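Here the structure is a predicted model, which is why all the values come from computation and not from measurement. Residue numbers start from 1 in every chain, and the chains themselves are labelled A, B, ... in the order their sequence lines are given, proteins ahead of strands.
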Number of protein chains: 2
Amino acid sequence: MSRATVSRVVNGVRNVAPDIQRSVRDAIARIGYTPNQAARSLVTRRTGTVALVLSATGRSFTARVFSDPFFGRVVDGVLPVLRRRAIQPVLLVAESEQARTQLVEYLRQGGADGALVVPLDENDPLPAMLMAAGLPTVLFGRPRDGEQCGFVDLDNAAGARLAAEHLWATGRRRPALIAAPVTAPTAGERLDGFMEALAAHGVTAVPVVRGRFTVDSGRRAMARLLKDHPRIDAVFAANDLMAQGACQYLREQGVAVPGTVAVVGFDDSVAARKARPQLTTVRQPVERMAAAMAGLLVEQLDGARSEPGAKVFEPVLVVREST
Amino acid sequence: MSRATVSRVVNGVRNVAPDIQRSVRDAIARIGYTPNQAARSLVTRRTGTVALVLSATGRSFTARVFSDPFFGRVVDGVLPVLRRRAIQPVLLVAESEQARTQLVEYLRQGGADGALVVPLDENDPLPAMLMAAGLPTVLFGRPRDGEQCGFVDLDNAAGARLAAEHLWATGRRRPALIAAPVTAPTAGERLDGFMEALAAHGVTAVPVVRGRFTVDSGRRAMARLLKDHPRIDAVFAANDLMAQGACQYLREQGVAVPGTVAVVGFDDSVAARKARPQLTTVRQPVERMAAAMAGLLVEQLDGARSEPGAKVFEPVLVVREST
DNA sequence: AGGTTTCGGGAGAGCGCTCTCCCACATTTC
DNA sequence: GAAATGTGGGAGAGCGCTCTCCCGAAACCT
């Protein structure tokens, strides 16, 4: 029997007589034969692998990634899409300049067929590097000007406006903002959206403190706000973790939530339901976005589309107990 | 110029005249040449890649992994060791039976040269599957009987004893335990160690509630303990997250920590310092253990040792404010 | 019956590297 | 001066697959 026949059986292409198929499979099982992926890749120019890259330019990278449920949601969204197509998902972390270079080299050399990139910081050079390397790439979040890669994104400004309008509608007139770190890709949009919506109501001065997307930074931010602006009656935090921290602090200080101060979060992560009181928050459908991101890449790899696609999701306000 | 010469330059083997080296490198840079990893692997039977596998048999896998700083610490420990040797670290998640099978197949086919496995649950079949596939494997945590793979581990029983002795020495006579989930690899050791040490002092009945390694489960466990055993004067939690949750609950109930109830955690993670009050805890040097784990695998891959090695670390008690 | 299509399977090239030979030439040694 | 030694570089096999071509046999048409 020729190698070609075996290859046909293993890859399920063209017709092979059923009995021959069976005998081939038997032999494979008996010998414990495993096809060599390297040899296969060499000729197919495919690896059957897609990389999910978490990239950051700042420090304390892993501490951020492995304590924010956000990334787990991304993984949750991506996995089933890839598994369904028998594509092996591979998580890559790019925590430093050196790591980024090594990673691009690795992918260029055929480490994966494409990359799903989740940049933690704005101005991350990785997407541009991957595009330059000619690797099919889809981003979580809008690419910088000129970068022609696929992406999924949330209309962050709209989300922030939802929060602002809700606070205004419920009678809050002195809102404050716990903003995302300046370096976060979403920082600008969420801040601007919130401010604009309030400005439309004549509120021009809004106290702003930057947080770092962690519970602890939310506490500290809340402490600062309360000290500098004791009369605020609402807080919008750029993610749920910070909102949770804010709630904790307010509670400890005996400030009633939502009685005295209303709190709105962002993401609708598990933290929103765990916070006391449960958080009103802007829902970001991270899992669906991540699944769409994987879908766009797969389409591109299948050649279904030559141009990388894009998809923008609309946020929804989820009202719970904190407003 | 022959392919052989280029190969020699790229891989830096044998002598090549400096000027030829330079011209080769120039050409590489000019053409934008990238060696094909598949072709290289085909002949060298190496990929230059090591897999770090997070495996669990239970559910809500990603939620656990991406909200417990423990895994970030493992990654932190592993990365530098591999980067130093120019080995590409690849994170793989095995969240289901199907995923595990696919993953083993992937690695068998040459997805990586070896695997570092962090099992989240006891009785995880993955290590045995990898050994059967003939893949060099090192475990975080002791392998089950009969599995001949390398591992690093902490003397968990000793850690629990440290906690018990400390509580006893500081005058606590009615301690309780917030234990790890039954399925956790460390659950038995930490429970037994704690119980034995107390038994040696004549304390035979210790209230035990199982937690799930999360802050929230720690709160709930503490609530149960306090309700069923209002007179307890100390709590040992099997990790810092649960200890933090316990502290939060106690605080909210107006129970003084450490005044009325002392709390000891386990791990010495960032959560220990973030908790109010700061946690007395059993330090597990996760980063060093993870680095050692990577080191053991690298040694095995280098052929420095044929038998897989093992290393057991000793815990240390860190006294802070909660006792 | 002869010709044409369909179908199953073999032969063999070639994917892009590495690595072992081997050879040409320079340098040293007796 | 010839032989021994060293040094740099080319030739070519071969890693384990896939895939195109081709061929023989069976099935279908006219």
Side-chain angles (χ1 to χ4, degrees), chain A residues 1-49 85-88 102 104-113 133-135 301-303, chain B residues 1-49 85-88 102 104-113 133-135 301-303:
Chain A
M1 187 169 308
S2 76
R3 302 185 300 281
T5 308
V6 176
S7 176
R8 278 192 280 265
V9 171
V10 171
N11 294 311
V13 294
R14 271 190 31 184
N15 300 348
V16 177
D19 52 337
I20 295 218
Q21 275 196 38
R22 202 167 336 105
S23 76
V24 169
R25 288 189 201 289
D26 283 358
I28 286 178
R30 196 153 26 80
I31 310 291
Y33 165 83
T34 303
N36 180 317
Q37 183 57 44
R40 196 178 253 179
S41 294
L42 185 56
V43 35
T44 59
R45 328 209 125 255
R46 281 300 190 102
T47 62
T49 293
R85 312 233 183 182
I87 296 174
Q88 178 66 38
Q102 276 188 19
V104 171
E105 198 56 15
Y106 171 70
L107 292 178
R108 251 168 71 94
Q109 296 184 355
D113 296 334
L135 201 79
L301 294 180
D302 286 351
Chain B
M1 189 168 306
S2 77
R3 304 185 299 282
T5 307
V6 176
S7 177
R8 278 193 280 264
V9 171
V10 172
N11 295 310
V13 294
R14 272 188 32 181
N15 300 348
V16 177
D19 52 337
I20 296 220
Q21 276 196 38
R22 203 168 335 106
S23 77
V24 169
R25 289 189 200 289
D26 282 359
I28 287 178
R30 196 152 27 80
I31 309 290
Y33 164 83
T34 304
N36 180 317
Q37 183 57 45
R40 195 178 253 179
S41 295
L42 186 55
V43 35
T44 59
R45 327 209 126 256
R46 281 300 190 101
T47 62
T49 294
R85 312 234 182 182
I87 297 174
Q88 178 67 36
Q102 276 188 21
V104 170
E105 198 57 17
Y106 171 70
L107 293 178
R108 251 169 69 93
Q109 295 184 357
D113 297 334
L135 201 79
L301 294 179
D302 286 351

Peer 1: Measure from the side chain of B:R45, starting at C-beta and using heavy atoms only, and say which of C:dG16, D:dG16, C:dC19 lies closest.
Peer 2: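 Selected nucleotide: D:dG16.
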Peer 1: Do B:E105 and A:T34 have side chains that approach each other closer than 4.5 Å (heavy atoms only, starting at C-beta)?
Peer 2: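 When only atoms from C-beta onward are counted, A:T34 and B:E105 do touch, with a gap below 4.5 Å.
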Peer 1: How long is the gap from OG1 on A:T49 to CD1 on A:I87, to the nearest 0.5 Å?
Peer 2: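 One finds 8.5 Å between OG1 of A:T49 and CD1 of A:I87.
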Peer 1: Starting at CD of A:Q109 and ending at C1' of C:dC17, how long is that distance when rounded to a whole Å?
Peer 2: 12 Å
Peer 1: Supply the atom-to-atom distance B:Q88 CD to B:T47 OG1, rounded to the nearest 0.5 angstrom.
Peer 2: 10.0 Å
Peer 1: In whole angstrom, give the distance that lies between atom CG of A:L42 and atom P of D:dC17.
Peer 2: 12 Å
Peer 1: Rounding to an integer number of Å, can you tell me how far B:R46 CZ sits from D:dG16 C1'?
Peer 2: 19 Å
Peer 1: Could you check how far CG of B:N36 sits from P of C:dG14, rounded to whole Å?
Peer 2: 18 Å
Peer 1: If you check the A:T44 side chain, which of D:dC19, D:dG16, C:dC17 turns out closest?
Peer 2: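 In terms of side-chain proximity for A:T44, the closest of D:dC19, D:dG16, C:dC17 is D:dC19.
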Peer 1: Find the distance A:R40:CZ to D:dC15:P and express it as a whole number of Å.
Peer 2: 18 Å
Peer 1: What's the closest nucleotide to the side chain of B:V43 if the choices are D:dG16, D:dT18, D:dG14?
Peer 2: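 So the side chain of B:V43 is nearest to D:dG14.
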Peer 1: Could you state the interatomic distance from CG (A:L42) to CD (A:Q37), rounded to the nearest 0.5 Å?
Peer 2: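 The CD atom of A:Q37 is 11.0 Å from CG of A:L42, to the nearest 0.5 Å.
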